[in-house]
Amino acid sequence: MQFAPINGIDLYYEEHGDGPPLVFAHGVGGNHAGWYQQVPFFARSYRMITFDQRGFGYSDDTNDLGRANFVDDLRALLDHLGIEKASLVAQSMGGSTCMGFTARYPERTSALVMADTLVGITLPDQLRARQQENAEATRNLSQLERVVSKTLPLRDPAKAELYLQIASFNRNNANRFNTGGSQPAPITMDQVSAAAKTVPMLFLVGQEDVLQPPDLVAAASRIVPNASLAVVPNSGHSVYFEQPEVFNYEVNRFLAEVLGRE
């Protein structure tokens, strides 16, 4: 097991493969193990790095800095690994980590994939109002109702159960919306747009995502200069988990295009 001693904690991480650095940041219901369907695919061409954000998986938030420190943790992890520049793939909550990092350090970000996420971004008033309404409407849904399509528990109940089992390794899973520490500073659309001038961005979303509806993600992506959009059918809020072949294909195609790799 590998831990990086950073910012007063031991941050768990894994490395797979060789090539350009590619970092995956999980969501609230995930941890490093959630990327098991991405590791064999991307490790063939990239130095793939997965990690447990503080308070998740094997990374204890022993100094209670909370999500406000996620961006600093990512920077410190890259420094620990001797990585000057990397491509980032963010799932849900990981969006605030990766977009926050990209906004602060665009010179260290080769490309950014925002998967089922606008988390942390302060949207224009009309979109923000829609986002807040949607958050209220979905607040009382069960964990599975929030993160996968309605049909997954029916067509693949074992896989739906696996999602819950992976989430159960997060000590705060039962209280996942009220974790300790402070929250990260909001990311303005001006910051996103400024970063997008030099960092290629892909917004990817499941067609049945109830937490980040695809029309909302599409509207936000249109504001971001030169951003790409991919909407994945038959998937909810966790395309990487529910439709891994499509997720891997879309992310790989985007990275190959913007990084100039075959």
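Numbers here simply count residues along the sequence, with the first being 1.
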For Glu208, all residues meeting side chain to side chain contact (heavy atoms under 4.5 Å, CB included), sequence neighbours excluded: Ser149, Asn234

If you define the side chain from C-beta out and look only at heavy atoms, does anything of [X] sit under 4.5 Å from [Y]?
X: Val147; Y: Phe241; answer: no
X: Phe42; Y: Arg44; answer: no
X: Val89; Y: Phe247; answer: yes
X: Val23; Y: Phe51; answer: yes

For Asn140, is the CG atom crowded, meaning more than 12 foreign heavy atoms sit under 6.0 Å from it? no

By salt bridge (Lys or Arg N to Asp or Glu O under 4.0 Å) - contacts of Glu14 (at least two apart): none

To check you understand the geometry: which heavy-atom pair defines the closest contact between [X] and [Y], and what is its length?
X: Ala90; Y: Thr117; answer: O-CG2, 4.1 Å
X: Asp209; Y: Leu211; answer: OD1-N, 2.8 Å
X: Gly100; Y: Ile187; answer: N-CD1, 3.4 Å
X: His26; Y: Gln53; answer: NE2-N, 3.0 Å
X: Tyr240; Y: Gln38; answer: O-NE2, 3.1 Å

With distance as the sole criterion, is a donor-acceptor pair present between the side chains of His237 and Asp116 under 3.5 Å? no

Does the side chain of Asp73 come under 3.5 Å of the side chain of Asn69 through a donor N or O and an acceptor N or O? yes

Look at the aromatic rings of Tyr58 and Phe3 and report parallel, tilted or perpendicular, splitting at 30° and 60°. perpendicular

Charged N-O contact under 4.0 Å between Arg130 and Glu133: no

Ion pair present between Asp79 and Arg108, side-chain N to carboxylate O less than 4.0 angstrom? yes

CE of Met201 to CG of Leu88: how many Å apart, nearest 0.5 Å? 10.0 Å

Give a yes/no verdict on a cation-pi contact between Arg253 and Tyr249, requiring under 6.0 Å between NZ or CZ and the six-membered ring centre and an angle within 45° of the axis. no

